[in-house]
Colleague: 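Right, I'll just put the structure down here and ask away after.
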Amino acid sequence: MDLTRFPRVRLTQSPTPIEFLPRITEYLGGPEIYIKRDDNTGLATGGNKTRKLEFLIGDALAKGATHVVTQGATQSNHVRQTIAAAARHGLKATALLEQRVGDAHDDYYANGNLLLDRILGASLETRAAGSDMNAELEAVGERLRAAGEKPYLIPGGGSNPIGALGYVVAAQEILWHANEHGLHFDQVIHATGSTGTQAGLVAGLQGLNSGIPVLGISVRAARAKQEENVLRLARQTWDLLGLPGELGAETVQANSDYVGPGYGIPTPGMIEAVELLARFEGILLDPVYSGKGFAGLIDLVRKGHYRKGQKLLFVHTGGAAGLFAYRTVFTPENESWRHPH
Ligand SMILES: *Cc1c(COP(=O)(O)O)cnc(C)c1O
């Protein structure tokens, strides 16, 4: 699959490593668990949005943009990476932050990603929970145009067909690694939200005829809605790549059993997943996405969903900066795992 016709800047230290997790594999006693370290993409504490931004910033520069505008939740990892990517390329950045998580601790509104956003130097505006964030994004674009700027609007999570190309690249890396090391992965599994990660992985892994299925663990939407949204973007990405025919609906699989009470709201499973991966492997997950994603993996293994000897590849999509906004969640009272060794 040739991606050279798409404008791209380099932001990612890639390929990101794929590592075997021996201790968590042994502890869970099921399939072999591998992890792709997209938490180590290398831009201002890393994460999955960096891959998308290679193509989005490339497109923005090709179009002569002076200013990047995007939106996300208060603790958005996407917003943090977008501001950093804009800084690297001399673009101004404005971010609209939806106060999506109610009743959060003070840290939520000052620490974690938000602290990094301030240091990275964007213009930050807040919007109330439930705002039409796409309409808000358009309105800010109009305002900047009227002021003589050339704004480039990036949707929430960088999830459009251009952004999803970043995860087509990740699919190429996964298949290359699998072939190079003689590893057949039975499933790729990761947290899914704004859908670009899963859409790019599905389009890439299917387009490369890898036969590797992808399971998205939803952090927000119900299963049917999430699958519909991922499939729509995966098909748009397929078309952008110029692949023949139509992507089958059966290639998109999501599971929304691990959302808990809602987006960004902690669950016992998330706390356990974060603590287990930290204590068995020295790897930091995040409270909003990868923690819930890995909680799904743990639960499915415990329920006997996989056979021993199968190989799962968890894509660590980053977000550990968000832990600092959830300080009060990781307390001794909430501790789920009391025998770390
Ligand atoms: C955005 C994000 C996701 C979800 O990726 P989408 O492409 O939005 O579905 C997963 N993990 C982390 C840490 C994220 O920031």
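These numbers come from a predicted model, not from an experiment. First listed ligand is number 1; within each ligand, the first listed atom is number 1.
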Colleague: Any salt bridge (charged side-chain N to carboxylate O under 4.0 Å, His left out) pairs touching residues 163-191, not counting sequence neighbours?
Modeller: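 Matches after skipping sequence neighbours: Lys36-Glu173, Arg51-Glu173.
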Colleague: Check this for me: does any side-chain nitrogen of one of Glu142 and Arg145 sit under 4.0 Å from a carboxylate oxygen of the other?
Modeller: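 A salt bridge is present here (some side-chain N lies under 4.0 Å from a carboxylate O).
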Colleague: Between Glu227 and Arg223, is there a salt bridge with N-O shorter than 4.0 Å?
Modeller: yes
Colleague: Answer yes or no: is there a donor N or O on one side and an acceptor on the other, between the side chain of Ser123 and the main chain of Ala93, under 3.5 Å?
Modeller: no
Colleague: Do the ring centers of Tyr34 and Phe314 come within less than 6.0 Å of each other?
Modeller: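 They do not qualify: ring centres at least 6.0 Å apart.
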Colleague: When you check the side-chain N and O atoms of Asp299 and Tyr258, is any donor under 3.5 Å from an acceptor?
Modeller: yes
Colleague: Dump the pairs for me: ligand 1 N or O, protein N or O, distance under 3.5 Å, to 0.1 Å.
Modeller:
residue  : atom   : partner : partner atom : Å
ligand 1 : 5 (O)  : Asn48   : ND2          : 3.0
ligand 1 : 5 (O)  : Thr197  : OG1          : 3.3
ligand 1 : 7 (O)  : Lys52   : NZ           : 2.6
ligand 1 : 7 (O)  : Gly196  : N            : 3.3
ligand 1 : 7 (O)  : Thr197  : N            : 2.9
ligand 1 : 7 (O)  : Thr197  : OG1          : 2.7
ligand 1 : 8 (O)  : Ser194  : N            : 2.8
ligand 1 : 8 (O)  : Ser194  : OG           : 2.5
ligand 1 : 9 (O)  : Gly193  : N            : 2.7
ligand 1 : 9 (O)  : Ser194  : N            : 3.2
ligand 1 : 9 (O)  : Thr195  : N            : 2.9
ligand 1 : 11 (N) : Thr317  : OG1          : 2.6
ligand 1 : 15 (O) : Lys49   : NZ           : 2.9
ligand 1 : 15 (O) : Asn77   : ND2          : 3.0

